[in-house]
Amino acid sequence: MSFLQLPAAELETTLAKELARNPALELVDELRCPGCGKRLLQRPCPTCAAPSQTDHPIVYLSPREPRAYSPAELETEYRDAYAHVPLDEYILRQIGPQLTRAERPMAAYILAQLDEDGLFAGSPAEVAAAQRASLSAVERVLALIQHADPPGVGARTPQESLLVQLDSLTDSIPPAMLNLAHAILQNHFELLGKQDYAQIARRLRVPRSLVEAAARFIQRNLTPYPARAFWGEGKVPETEDASALSDPDISISFFNQSSGGPLMVEVFTPFSGWLRVSPDFKAALADCDEADREKLSAAVEQAALITKCLQQRNHTMRRLMQIIAEEQRSFILGGDRDLRPLTRAQVAKALAVHESTISRAVAGKSIALPSGRIVPLAKFFDRSLSVRDRVRRLVEHETRPLTDDEIAVALAREGIHVARRTVAKYRNMLGILPANVRARLAKTSRARPASMPALTPAS
DNA sequence: CTATGGCACGGATT
DNA sequence: AATCCGTGCCATAG
């Protein structure tokens with residue numbers, strides 16, 4: 001009965017359906033700002049009216065209009081635009097320019113045979129025969145496909161796919177890790193599947209912890225089913241990326257683009273107008289057949305309920321964002337490290353509503369920050385985000401690999417007291433390897449140890 | 001002996 | 001009521 005838990009996109013379809021079905025429901029499109037002509041759901045117009053002298057954020061409702069996207073958003077926007085395109089077509093668009101006229105049907109033929117995971121079940125020889133092309137030509141096309149966007153797509157086996165994906169990461173991971181992961185995937189794939197790390201370690205003559213680190217890396221960053229990560233529907237339901245791809249439900253920007261000023265929060269609503277019970281319909285109710293009256297008044301009742309629910313949703317969302325924008329201003333302007341611990345319960349208390357109300361309001365929503373980043377609204381309630389960010393920074397700036405204990409001590413100096421065990425958990429979440437492994441990696445990837453200055457100061 | 005990960009417990013949060 | 005989170009204890013690798 002309540003619309004609160006629905007993100008704007010779903011609310012839009014729900015309301016559109018109701019609007020079509022119920023004649024008593026009417027969409028009024030008449031509120032426009034006399035100053036700027038912008039459509040408004042609420043006065044005063046936040047763009048034209050002077051902001052209050054305080055720093056308080058201005059929260060208002062805004063119709064979902066096409067937004068101007070910052071460069072940072074363009075990439076996700078691109079993904080989104082193509083999200084509904086079938087995989088084969090998506091790939092064909094990328095490699096199309098590099099294909100000759102003769103290669104085009106070959107590519108289409110191959111792409112049609114990709115299974116739902118993005119793997120290619122057929123053999124190049126078979127394709128060559130069917131297309132009356134040379135084997136080398138087929139392989140050239142296949143290679144092009146394999147280097148197209150969902151990395152690893154078009155590989156014949158999960159193993160091959162993983163190797164291709166690994167290659168695409170060459171520049172962003174330490175060479176030692178790259179080599180190790182490559183060796184494991186190439187030569188010990190079955191053992192990896194069985195998680196027999198000890199055996200792999202023995203054969204490669206590498207410490208077991210390193211093998212485990214590499215296995216974790218593979219598990220975290222590569223997928224045997226390349227198409228799923230990008231196209232799988234519902235299989236990866238609640239990742240941060242999933243919500244980041246869609247349009248936000250809320251946007252925070254600077255009032256009048258003047259950075260440093262008050263914040264402007266827009267809660268998007270599906271329509272540029274407002275819903276009400278049609279007065280004409282109500283008038284018609286007065287003089288109509290007795291038989292129809294029952295049905296018509298039911299429709300009116302239903303329509304009234306919907307407008308009420310919608311108002312309630314808007315009201316709650318605005319009050320919620322008011323609190324968040326005030327409380328987390330520094331996080332909105334700064335970065336992860338500035339997030340203050342804030343619980344749904346606190347907000348519920350401040351707004352005098354039930355906790356579950358806040359949970360519903362936050363669930364599934366995403367928000368665009370002034371920086372252009374789109375993040376889940378739930379991020380404002382992440383208790384440990386700022387601490388994790390500090391851990392990341394500490395490791396990034398370390399001169400020698402810090403152990404979890406040392407990190408814990410360093411954090412304590414910043415006034416954050418967490419147990420060593422907790423640091424380990426955060427480190428894992430961040431995908432940072434243990435200190436001893438980092439030390440090893442640094443050592444083995446160093447070309448010549450001699451070129452390295454002594455880094456342990458005599459004490 | 002030290003550093004780290006797994007398990008599980010209790011308290012907070014949803 | 002179910003889930004999440006920080007933490008202590010213990011086993012294990014190096």
Side-chain angles (χ1 to χ4, degrees), chain A residues 2 4-7 176-177 180 195-220 237-240 243 316-317 320 323-324 327-328 336 339-365 376-392 394-395 398 400-412 414-444 456 459:
Chain A
S2 163
L4 189 56
Q5 69 258 19
L6 297 182
M177 175 60 95
L180 180 59
Q195 303 199 345
D196 190 351
Y197 303 132
Q199 181 72 351
I200 298 175
R202 233 170 292 141
R203 299 212 185 158
L204 288 174
R205 289 181 208 155
V206 169
R208 184 190 162 130
S209 62
L210 257 183
V211 174
E212 282 173 5
R216 257 206 329 264
F217 171 84
I218 290 170
Q219 204 172 359
R220 251 200 280 262
E238 281 291 318
T239 68
E240 182 175 316
S243 62
T316 308
M317 289 302 294
L320 168 66
I323 298 266
I324 289 184
E327 196 64 27
Q328 304 286 22
D336 288 354
L339 187 76
R340 284 204 236 158
L342 179 70
T343 68
R344 293 161 172 81
Q346 285 171 36
V347 177
K349 202 172 164 196
L351 295 184
V353 297
H354 197 272
E355 298 168 12
S356 66
T357 306
I358 303 298
S359 281
R360 304 221 173 242
V362 168
K365 308 277 193 334
L377 196 54
K379 196 162 179 174
F380 286 98
F381 298 95
D382 189 324
R383 270 175 287 169
S384 59
L385 185 71
S386 67
V387 184
R388 290 205 304 272
D389 191 62
R390 285 182 147 85
V391 170
R392 181 199 285 123
L394 280 171
V395 174
E398 73 189 0
R400 98 196 122 83
L402 296 171
T403 66
D404 291 344
D405 229 336
E406 290 165 331
I407 293 174
V409 171
L411 285 175
E414 295 186 42
I416 302 167
H417 187 257
V418 286
R420 171 240 117 212
R421 190 65 190 78
T422 308
V423 172
K425 288 256 163 94
Y426 290 165
R427 186 171 46 67
N428 253 324
M429 289 191 204
L430 294 168
I432 298 172
L433 299 171
N436 52 15
V437 178
R438 293 207 301 279
R440 243 174 235 282
L441 282 179
K443 209 171 189 177
T444 46
T456 41
S459 48

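Within every chain, numbering begins at 1; the chains are lettered A, B, ... in the order of the sequence lines, protein sequences first and strands thereafter. These figures come from a predicted structure and were not determined experimentally.
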Atom pair CD1/CG of A:Ile200 and A:Leu204 - distance to nearest 0.5 Å: 7.5 Å
Under-4.0 Å side-chain N/O to phosphate OP1/OP2 contact, A:Tyr426 with C:dG6: yes
A:Leu377 CG to A:Met317 CE distance, which is reported to the nearest 0.5 Å: 6.0 Å
Donor-acceptor contact present, side-chain A:Thr343 to main-chain A:Gln346, <3.5 Å: yes
Gap separating the CZ atom of A:Arg390 from the CG atom of A:Leu411, nearest 0.5 angstrom: 8.0 Å
A:Arg360, CZ atom: more than 12 neighbouring heavy atoms under 6.0 Å: no
A:Leu210 or A:Val423, whichever maps to the more 5' nucleotide of DNA chain C: A:Val423
Side-chain donor or acceptor of A:Arg427 paired with backbone N/O of A:Thr403 under 3.5 Å: no
Interatomic spacing from CZ in A:Arg400 to CZ in A:Arg438 - rounded to 0.5 Å: 10.5 Å
Separation of C:dC9 C1' from A:Lys425 NZ (nearest whole Å): 12 Å
Spacing between A:His417 atom NE2 and C:dG8 atom C1', to the nearest angstrom: 13 Å
Interatomic distance, A:Lys425 atom NZ to A:Arg420 atom CZ [nearest 0.5 angstrom]: 9.5 Å
Check: protein-nucleotides 10-14 of chain B nitrogen or oxygen pairs below 3.5 Å:
residue, atom, partner, partner atom, Å
B:dT14, OP1, A:Arg344, NH1, 2.8
B:dT14, OP2, A:Arg344, N, 3.3
B:dT14, O3', A:Ser359, OG, 3.4

A:Asp404 vs A:Tyr426 side-chain heavy atoms within contact, under 4.5 Å: no
Global bending angle along the helix from B:dC1-C:dG14 to B:dT14-C:dA1, which compares the axes of five pairs at either end, to 10 degrees: 10°
Electrostatic pair A:Lys379-A:Asp382, nearest N-O below 4.0 angstrom: no
Sugar-phosphate only, base, or nothing, as touched by A:Ser356 at under 4.0 Å among non-hydrogen atoms: nothing
I'd like a table of atom pairs between the protein and nucleotides 1-5 of chain B - only N or O on both sides, under 3.5 Å - with the distance next to each one.
residue, atom, partner, partner atom, Å
B:dT4, OP1, A:Ala435, N, 3.0
B:dT4, OP2, A:Asp404, N, 2.9
B:dG5, OP2, A:Arg427, NH2, 2.6
B:dG5, N7, A:Arg420, NH2, 3.2

Atom pair CG/CD1 of A:Leu342 and A:Ile324 - distance to nearest 0.5 Å: 7.0 Å
